[in-house]
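Take a look at the structure set out below.
Just so it is clear, the values below take in all heavy atoms, side chains as well, and ignore hydrogens, waters and symmetry mates.
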Amino acid sequence: QVQLVESGGGLVQPGGSLRLSCAAPGRIFSMNDMGWYRQAPGKQRELVAAITTGGRTNYADSVKGRFTISRDNAKNTVYLQMNSLKPEDTAVYYCNAGRTPRGANYGVDYWGKGTLVTVSS
């Protein structure tokens, strides 16, 4: 069973920053686009940011200019740097391997268990 392991969530005040990390098995990481999704209470899971194997990125409009996705191919890890956090960013954040940068599922679809981000004063 493929394991994607997220870390870095927590409680932060509005305007603060967090960096999420997601470690993946080497073969899975090197062969797939990676993405971060989030799901707030009572809402559907949504794409936050994605990065292709070649480094091309895509962001949800709500996070453009505040969040940055990156990948370290030597460490098989994808990151999500989140700055200027807002209460509406509160959600469980999930790492994905396999979906396209716009979130389409063509059969390869691995998920982590999620990490909670809470933005509150």
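- Evaluation of the ring-ring contact (aromatic ring centres under 6.0 Å, His included) rule for Tyr93 yields no partner, not counting sequence neighbours.
- Rounded to the nearest 0.5 angstrom, Arg45 CZ and Asn96 CG are separated by 8.5 Å.
- Both Phe67 and Ile51 are part of a single hydrophobic cluster, where members link through side-chain heavy atoms under 4.5 Å apart.
- In this structure, Asp61 contributes its side chain and Lys64 its backbone to no donor-acceptor pair below 3.5 Å.
- For the side chain to side chain contact (heavy atoms under 4.5 Å, CB included) with Ser17, the qualifying choice from Arg66, Gln81, Met82 is Gln81, the only one to do so.
- Under a hydrophobic clustering in which Ile, Leu, Val, Met, Phe, Trp and Tyr are joined whenever their side-chain heavy atoms come within less than 4.5 Å, directly or via other members, Leu20 and Val12 fall into the same cluster.
- With contacts defined as side-chain heavy-atom distances shorter than 4.5 Å, the pair Thr77/Met34 does not qualify.
- Note: Leu116 CG to Thr90 OG1 = 8.0 Å, rounded to the nearest 0.5 Å.
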Checklist entry - Run the side-chain contact (heavy atoms from CB on, under 4.5 Å) check on Val78 and Ser70 step by step: do they pass? => result CA-CA 6 Å; Val78 62; Ser70 61; over 6 Å; no
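- No side-chain donor from either of Asp33 and Thr52 sits under 3.5 Å from a side-chain acceptor of the other.
- Using a 4.5 Å cut-off on side-chain heavy atoms (C-beta onward), Cys95 and Lys113 make no contact.
- Placement of Leu85 and Val48 within a single hydrophobic cluster is found when ILVMFWY residues are connected by side-chain heavy-atom separations under 4.5 Å, directly or transitively.
- Judged by distance alone, the side chain of Asp109 and the main-chain N or O of Asn105 form no donor-acceptor pair under 3.5 Å.
- The distance from atom CG of Asn73 to atom OG of Ser30, rounded to the nearest 0.5 Å, is 8.0 Å.
- The hydrophobic clustering, which links ILVMFWY residues whose side-chain heavy atoms are closer than 4.5 Å, places Val117 and Leu4 apart.
- Among all heavy-atom pairs drawn from Pro14 and Ser121, the shortest one is CD-N, 3.7 Å.
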Item to check | Worked verdict on Thr53 versus Met31 for side-chain contact (heavy atoms from CB on, under 4.5 Å) | outcome: CA-CA 7 Å; Thr53 55; Met31 295 181 64; over 6 Å; no
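- Identified under the ring pair (Phe, Tyr, Trp, His ring centres under 6.0 Å) test for residues 12-59, with sequence neighbours left out: Tyr37-Trp111.
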Next on the checklist: Determine whether Lys86 and Asp89 satisfy the following criterion, salt bridge (Lys or Arg N to Asp or Glu O under 4.0 Å), listing intermediate values before the conclusion.
Outcome noted: CA-CA 5 Å; Lys86 304 175 181 180; Asp89 295 318; over 6 Å; no
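- Cation-pi geometry between Arg71 and Tyr79 is not satisfied (NZ or CZ under 6.0 Å from the ring centre, within 45° of the ring normal).
- Taking a 6.0 Å sphere around CD of Glu88, one finds it holds more than 12 heavy atoms contributed by other residues, nucleotides or ligands.
- A donor-acceptor contact shorter than 3.5 Å is absent between the side chain of Ser120 and the backbone of Thr118.
- Note: Leu80 CG to Arg38 CZ = 9.5 Å, rounded to the nearest 0.5 Å.
- Atom CD of Glu46 is surrounded by more than 12 heavy atoms from other residues, nucleotides or ligands within 6.0 Å.
- When atom types are taken as modelled, the side chain of Asp72 and the backbone of Ala74 share a donor-acceptor pair closer than 3.5 angstrom.
- Using a distance-only test at 3.5 Å, with no hydrogens or angles considered, no donor-acceptor pair links the side chain of Thr115 to the main chain of Ser7.
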Checklist entry - Checking side-chain contact (heavy atoms from CB on, under 4.5 Å) for the pair Gln39/Tyr94: CA distance, chi angles, key distance, verdict? => result CA-CA 8 Å; Gln39 187 166 18; Tyr94 297 92; 4.2 Å; yes
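- Applying the side-chain contact (heavy atoms from CB on, under 4.5 Å) test to Arg102 and every residue at least two apart in sequence or in another chain returns Asn58, Thr100.
- Ile69 and Leu18 fall within a single hydrophobic cluster, where Ile, Leu, Val, Met, Phe, Trp and Tyr side chains are chained together by heavy-atom contacts under 4.5 Å.
- Looking at Glu6, its side chain does come within 3.5 Å of a backbone N or O of Gly114 through a donor-acceptor pair.
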